[in-house]
Enquirer: 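This is the structure, below, for whatever I ask next.
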Amino acid sequence: MTIAREWWKNATVYQIWPASYKDSNGDGVGDIPGIISTLDYLKDLGVDVIWCSPMYDSPQDDMGYDISDYEKVYPEYGTNEDMQTLIDETHKRGMKLILDLVINHTSSEHVWFKESRSSKTNSKRDWYIWKPPKFDADGNRHPPNNWGSFFSGSAWEYDELTGEYYLRLFARTQPDLNWENEVTRKAIYDSAMKFWLDRGIDGFRIDTAGLYSKDQKFPDASIVCPDEEFQMSFQNTNNGPRIHEFHKEMYSNVTSNYDAMTVGEVGFCSREDSLKYVSAKEQEMNMIFLFDTITVGREGGDTFGYKDWTLTDFKRAIQKDTTFIEGTDAWSTVFIENHDQPRSVTRFGGIKYASQSAKLITLLESTLTGTLFIYQGQEIGMENLPRSWSIDEYKDINTINYYKKFKEKYGNDSDFKEKEEKLMDIINLVARDNSRSPVQWNSSTNGGFTSGTPWTRVNDNYRTINVASQIDDPNSVLSFWKKSIQIRKQYQDLLIFGTFKILDFENENVFTYIKEDEKNGLRKAYVVLNFSNNSVKFEKLIGGEFELLHCNVGDVDESILSPYEGRLYIVD
Ligand code: TEU
Ligand code: CA
């Protein structure tokens with residue numbers, strides 16, 4: 001099968017999370033003028049597309065994923081004029097800009113919801129999902145079913161005013177929109193999508209793109225965590241009965257008319273289900289993010305469930321995410337960090353060999369098939385928050401709700417301190433806060449992120465890990481990223497479009513794979529990555545002429561891979 005080569009396929013995308021990127025006016029919050037001031041830096045890094053996380057007006061209960069007005073920029077980030085300047089300046093440099101599209105829910109401060117909540121007979125009542133309470137034999141009020149929120153507790157919120165519950169799969173201030181209503185869908189397309197496409201943006205990262213179609217019978221979810229009152233509702237809310245109808249409508253009514261790039265966030269899918277969203281002939285979205293790699297070692301159902309991982313678990317996940325499109329007309333993504341994930345060096349690398357393992361992960365990411373996504377700060381090897389910080393430094397609603405629930409449950413236990421320490425180990429490893437600390441631009445106070453007081457604490461290691469100290473250093477993580485992106489483009493037939501095959505799968509220290517170009521099967525990319533703290537023997541697992549193209553150490557000893565050493569060979 002020949003793969004069509006649309007512009008978004010070989011693109012390198014850089015995700016910006018505005019609050020923590022760059023503050024231009026000293027109020028401690030990142031902003032759009034701050035982003036504009038770094039466009040040359042991004043261009044120089046090799047970025048083709050910028051993905052800007054929500055910059056819309058919002059009460060910021062979930063850092064902008066709770067939108068109160070799709071058509072207005074959050075005032076602390078700037079104005080609509082600033083956005084227009086960002087769009088234009090990005091285009092002037094030959095780059096593109098995509099925005100986050102958050103349309104499973106709005107903020108409860110959105111006028112649509114305010115109207116909907118006002119009375120049972122309001123014309124927007126069924127723009128959201130309202131249900132009467134359930135009463136038990138003693139007359140106690142309960143939510144309509146046992147669905148749990150992603151952010152702990154019930155997914156239903158009781159509203160005194162009309163005596164009904166509304167569905168909110170995330171925070172209580174994030175009511176789910178009712179996609180069954182055609183008028184609502186049209187309003188979403190106009191306000192959230194066309195408004196910005198008409199101003200020149202180039203596409204969307206589509207938030208929670210698998211959740212729009214809920215099982216209209218609203219049955220109880222099956223019980224996966226017997227100790228919990230509320231259960232994850234995936235089987236009734238993810239990949240629902242009308243989800244593909246909705247995506248096809250969105251494509252034909254909106255995105256196809258603008259040549260917009262679309263990348264959906266759709267987790268927990270079989271291969272068959274995933275392909276329905278991204279197969280070209282289905283005409284839905286260009287690509288989706290799969291969750292197998294980033295959930296390695298995680299326990300399903302529990303936000304902070306963690307059980308550790310082995311290299312073969314990791315290989316299996318990469319294999320699944322990378323090969324699911326092989327032999328099809330679909331496309332996929334490569335990513336290991338985003339605003340919901342911890343820093344990859346801490347989670348998957350070896351922190352004793354931080355910069356070495358950051359480069360190793362760079363080599364991995366830059367040689368995998370699909371559109372490449374890098375998250376702000378990843379290019380300089382930013383790390384998780386220090387373990388010594390207390391829960392008070394954590395700002396994410398997901399972390400805070402979980403911690404509160406934990407404290408309610410175990411707070412009076414005699415060994416609470418011990419339990420809390422264990423939880424803090426996990427929070428420190430996987431919490432979303434880890435990727436939300438400000439970008440470290442230089443070694444001045446607060447890492448050059450702001451001249452004022454940052455809204456959230458800057459990682460103490462900014463004096464050693466920052467952009468300014470890396471930019472002219474040929475051995476830095478940043479320089480390694482830059483070179484890796486160049487090589488990825490230069491050898492795109494193999495690295496971006498090639499097929500993927502793991503060699504010596506059972507090896508728990510070394511990850512070896514080859515990339516092949518179907519049209520030119522003789523030439524291969526051979527990638528070998530030592531994911532261990534030890535030096536290991538290097539053996540060529542295939543025949544042919546090996547040419548070393550790229551590697552993350554200065555002196556290469558042919559027969560030995562030093563800790564976290566990685567190499568990319570071209571084999572003829
Ligand atoms: O994330 C959806 C989602 O499934 C996550 O909540 C995920 O389960 C969680 O982050 C794991 O820790 C999207 C956005 O990426 C996220 O930032 C938002 O909070 C969420 O939607 C609600 O809009
Ligand atoms: Ca600011």
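Side-chain atoms are counted along with the backbone in the values below, which use heavy atoms only and exclude waters and symmetry mates. Numbering starts at 1 and runs along the sequence shown.
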Enquirer: Apply ring-ring contact (aromatic ring centres under 6.0 Å, His included) to His244 and list each qualifying residue two or more places apart in sequence or on a separate chain.
Expert: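 So His244 forms a ring-ring contact (aromatic ring centres under 6.0 Å, His included) with Tyr277.
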Enquirer: Under the ring-ring contact (aromatic ring centres under 6.0 Å, His included) test, which residues partner Trp7, sequence neighbours left out?
Expert: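 Not a single residue meets the ring-ring contact (aromatic ring centres under 6.0 Å, His included) criterion with Trp7.
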Enquirer: Do any pairs count as a salt bridge (Lys or Arg N to Asp or Glu O under 4.0 Å) and have a residue in residues 6-21, sequence neighbours left out, and if so which ones?
Expert: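 Listed once each, the pairs are Glu6-Lys9.
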Enquirer: Strictly under 6.0 Å, is that where the ring centroids of Phe373 and Phe289 end up?
Expert: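 Centroid separation for Phe373 and Phe289: below 6.0 Å.
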Enquirer: State whether Tyr394 and Arg432 meet the cation-pi test: NZ (Lys) or CZ (Arg) under 6.0 Å from the six-membered ring centroid, and within 45° of the perpendicular axis.
Expert: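 Geometry flag: not set, cation outside 6.0 Å or 45°.
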Enquirer: Which word best sums up how the rings of Tyr564 and Tyr353 line up, parallel for under 30°, tilted for 30 to 60°, or perpendicular for over 60°?
Expert: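 Judged by the thresholds at 30° and 60°, the geometry between Tyr564 and Tyr353 is tilted.
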Enquirer: Using 30° and 60° as the class boundaries, would you call the ring planes of Tyr375 and His339 parallel, tilted or perpendicular?
Expert: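 Because their plane-to-plane angle lies in the 30° to 60° range, the rings of Tyr375 and His339 count as tilted.
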Enquirer: With a 6.0 Å cut-off (strictly less than), is the heavy-atom count around NZ of Lys320, excluding the residue itself, greater than 12?
Expert: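 Counting neighbours around NZ of Lys320, 12 or fewer heavy atoms of other residues, nucleotides or ligands fall under 6.0 Å, so no.
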Enquirer: Phe150 and Phe234: aromatic ring centres closer than 6.0 Å?
Expert: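 Yes.
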Enquirer: Which heavy-atom pair separates Leu478 from Gln470 by the least distance, and what is that distance?
Expert: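 For Leu478 versus Gln470, the nearest heavy atoms are N-OE1, 3.0 Å.
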Enquirer: Shortest non-hydrogen contact from Gly349 to Ile361?
Expert: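 Heavy atoms of Gly349 and Ile361 come nearest at N-CD1, 4.0 Å.
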Enquirer: Taking the ring centre of each residue, are Trp196 and Tyr258 less than 6.0 Å apart?
Expert: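 No: the rings miss the under 6.0 Å criterion.
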Enquirer: For the residue pair Phe531 and Phe511, does the interplanar ring angle fall in the parallel (under 30°), tilted (30 to 60°) or perpendicular (over 60°) class?
Expert: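 The arrangement is tilted - the two ring planes meet at 30° to 60°.
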Enquirer: Can you confirm whether or not the ring centre of Tyr14 sits under 6.0 Å from the ring centre of Trp51?
Expert: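 So the answer is no for these two rings.
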Enquirer: Does Glu282 pair with Lys276 as a salt bridge, N-O distance under 4.0 Å?
Expert: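 Between Lys276 and Glu282 there is no salt bridge, as every charged N stays at least 4.0 Å from the carboxylate O atoms.
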Enquirer: Can you sort out the partners of Phe304 under ring-ring contact (aromatic ring centres under 6.0 Å, His included), two or more places apart, ordered by chain and number?
Expert: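 For Phe304 the ring-ring contact (aromatic ring centres under 6.0 Å, His included) partners, ignoring immediate neighbours, are Tyr402.
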Enquirer: Residues two or more places apart in sequence or in another chain: which of them pass ring-ring contact (aromatic ring centres under 6.0 Å, His included) with Tyr526?
Expert: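 Here the qualifying residues are Phe546.
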Enquirer: If you measure from the Lys or Arg side-chain nitrogens to the Asp or Glu carboxylate oxygens, is any gap between Lys395 and Asp433 under 4.0 Å?
Expert: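 A salt bridge is absent here (no side-chain N lies under 4.0 Å from a carboxylate O).
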Enquirer: Listing request: all salt bridge (Lys or Arg N to Asp or Glu O under 4.0 Å) pairs with a residue in residues 489-513, at least two apart in sequence or in separate chains.
Expert: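 Applying salt bridge (Lys or Arg N to Asp or Glu O under 4.0 Å) to every pair that reaches into residues 489-513, excluding sequence neighbours, yields Arg5-Asp493, Asp48-Lys489.
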